[in-house]
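In this text, all values refer to a predicted model and were calculated from it rather than measured experimentally.
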Amino acid sequence: MPAKALPRPCTGAGAHVQCRRGAPAARPWSVGVAGGAMRGGAGGRLVAAAAGERSDAVQAAAVAGGKHHVNGSAVAGMDKLVTSTVGKSTNILWHDCPIGQPERQKLLNQKGCVVWITGLSGSGKSTLACALSRELYSRGHLTYILDGDNLRHGLNRDLSFEAKDRAENIRRVGEVAKLFADAGLICIASLISPYRSDRSGCRSLLQNSSFIEVFLNVPLEVCEARDPKGLYKLARAGKIKGFTGIDDPYEPPSDCEVIIHCKAGDCATPKSMANKVVSYLEENGFLQD
């Protein structure tokens, strides 16, 4: 995982926004197979890797009769093709296309990013995600919500709530969110995501300025009093094990962009909370005019 600057805590009273100033930088690409930084080009190009995505051994493909074979497929007109091993995937090749994130962002008139909403069960993450999506839609911006429970109906239905599966759950959502951001969308991820290391892993997938962590700082007693799904009651009765906030820890962010406080009798409306996040997006150039 890339080194990060020392964390700075989110502080202050009331629902408010803390900003990391500056617009997101363009995505860095590695040197291409024929030399030079890769970004566009007629007909697309084959490259070894995007920055941060090809970290293992790189193997040069054999050259035979002017055509270069990768897993038996001949490709004409290339001096060299290189393949990579990433995790358990071997002999894979990153294919860059002429239409990339900058072109998609220009078309959508916005900058792709991930708004990652974290907090205890019952803190209002899904409510905020929907309110934020509705507010951005009303302003002409394209979003997509990745809701933790919704994803467990399909993509992550094979995962339990044990620590190992929880980490894999967050990893998958982070990778999907990264794709949405690369497509130029404002991706809103709404998950408890209780562990800092898992959230940091998702942050490392994007340029730091394109990962916007929103912490719903709602006390356990408030969440437990709400208990919209009755899960706290089941956890207190011992019928659910490893429930965040009861017998499994929640690690609050130490380096977030937006923090929204809520306490008993003093919680902002969903629209007000959404507007706080929209203000951050506006101030940092994600909502282009």
Going by the rule salt bridge (charged side-chain N to carboxylate O under 4.0 Å, His left out), which residues pair with E282 if we only count those two or more places apart in sequence or in a different chain? R139
CG of L108 to NE2 of H141: how many Å apart, nearest 0.5 Å? 10.5 Å
Got a sec, which residues hit salt bridge (charged side-chain N to carboxylate O under 4.0 Å, His left out) with K271, two or more places apart in sequence or on another chain? E135
Test side chain to side chain contact (heavy atoms under 4.5 Å, CB included), reference I186, set I145, I212, L132, L287, output is L287
Counterpart residues, salt bridge (charged side-chain N to carboxylate O under 4.0 Å, His left out), relative to D248 (two or more places apart): R166
Over all atoms of both residues, closest heavy-atom pair of Y250 and G119: OH-N, 3.4 Å
S126-D147 side chain donor-acceptor pair, cut-off 3.5 Å: yes
Considering only heavy atoms from C-beta outward, does the side chain of P252 approach that of R196 to under 4.5 Å? yes
Just do the side-chain contact (heavy atoms from CB on, under 4.5 Å) check on E103 and K106 with the steps written out, would you? CA-CA 5 Å; E103 291 77 19; K106 184 177 180 180; 5.7 Å; no
Side-chain ion pair, R171 and E168, N-O less than 4.0 Å: yes
With sequence neighbours excluded, tell me which residues meet salt bridge (charged side-chain N to carboxylate O under 4.0 Å, His left out) with D165. none
To check you understand the geometry: which heavy-atom pair defines the closest contact between P253 and T118, and what is its length? CG-CG2, 3.9 Å
same_hphob_cluster(L142, V114) at 4.5 Å side-chain heavy-atom cutoff: yes
Sub-4.5 Å side-chain heavy-atom contact between L120 and L220: yes
L128 and I260, any side-chain heavy atoms less than 4.5 Å apart: yes
Do you know which two heavy atoms are closest between C202 and G174, and how far apart they sit? SG-CA, 3.7 Å
Provide the closest heavy-atom pair for S193 versus I170 in the form atom of the first, atom of the second, distance. CB-CD1, 3.7 Å
Are the side chain of S279 and the backbone of N275 linked by a donor-acceptor contact shorter than 3.5 Å? yes
If you round to the nearest 0.5 Å, how far is OG of S121 from NZ of K229? 5.0 Å
If hydrophobic clusters are built from ILVMFWY residues whose side chains come within less than 4.5 Å, do L151 and L159 share one? no
Shortest non-hydrogen contact from C256 toward R203: CA-NH2, 4.4 Å
With the threshold set at 4.0 Å, does a side-chain nitrogen-carboxylate oxygen contact exist between R104 and D182? yes
Look at the side chain of Q288 and the backbone N and O of K111, then say whether any donor-acceptor pair between them is shorter than 3.5 Å. no
Quick one, L234 and F243 - any side-chain contact, counting heavy atoms below 4.5 Å? no
What distance do T244 atom OG1 and L231 atom CG have between them, rounded to the nearest 0.5 Å? 10.5 Å
Apply side-chain contact (heavy atoms from CB on, under 4.5 Å) to residues C113 and L281 and explain how you reach the verdict. CA-CA 9 Å; C113 64; L281 296 173; 4.1 Å; yes
Would one find more than 12 heavy atoms of other residues, nucleotides or ligands at under 6.0 Å from atom OH of Y144? no
Check for me, please, whether I246 and I240 land in the same ILVMFWY cluster - side-chain distances under 4.5 Å, paths through other members count. yes
Interatomic spacing from CZ in F211 to OG in S204 - rounded to 0.5 Å: 9.0 Å
For a 4.5 angstrom cut-off between non-hydrogen side-chain atoms, does N169 reach R152? yes
Suppose the criterion is side-chain hydrogen bond (donor to acceptor under 3.5 Å, both in side chains): which pairs have a residue in residues 232-243, not counting sequence neighbours? E224-R236
Could you go through C223 and V218, starting from their C-alpha distance and side-chain angles, then the distance that decides it, and tell me whether this counts as side-chain contact (heavy atoms from CB on, under 4.5 Å)? CA-CA 7 Å; C223 295; V218 184; 3.6 Å; yes
Do L191 and K125 come within less than 4.5 Å of each other through their side chains, counting heavy atoms only? no
Could you check L146 against C187 for side-chain contact (heavy atoms from CB on, under 4.5 Å), going step by step and ending with a plain yes or no? CA-CA 7 Å; L146 297 177; C187 181; 3.5 Å; yes
Can you get from V173 to F161 by hopping between Ile, Leu, Val, Met, Phe, Trp and Tyr side chains that sit under 4.5 Å apart? no
Would W116 and L179 show up in the same hydrophobic cluster when neighbours are defined by side-chain heavy atoms closer than 4.5 Å? no
Atom OG in S210, atom CD in Q101: separation rounded to 0.5 Å? 6.5 Å
How far does CG of L155 sit from CD of E175, to the nearest 0.5 angstrom? 11.0 Å
How close do L216 and S123 get, counting heavy atoms only, and between which atoms? CD1-O, 3.6 Å
Using side chain to side chain donor-acceptor pair (under 3.5 Å) as the criterion, list what pairs up with D247, not counting sequence neighbours. none
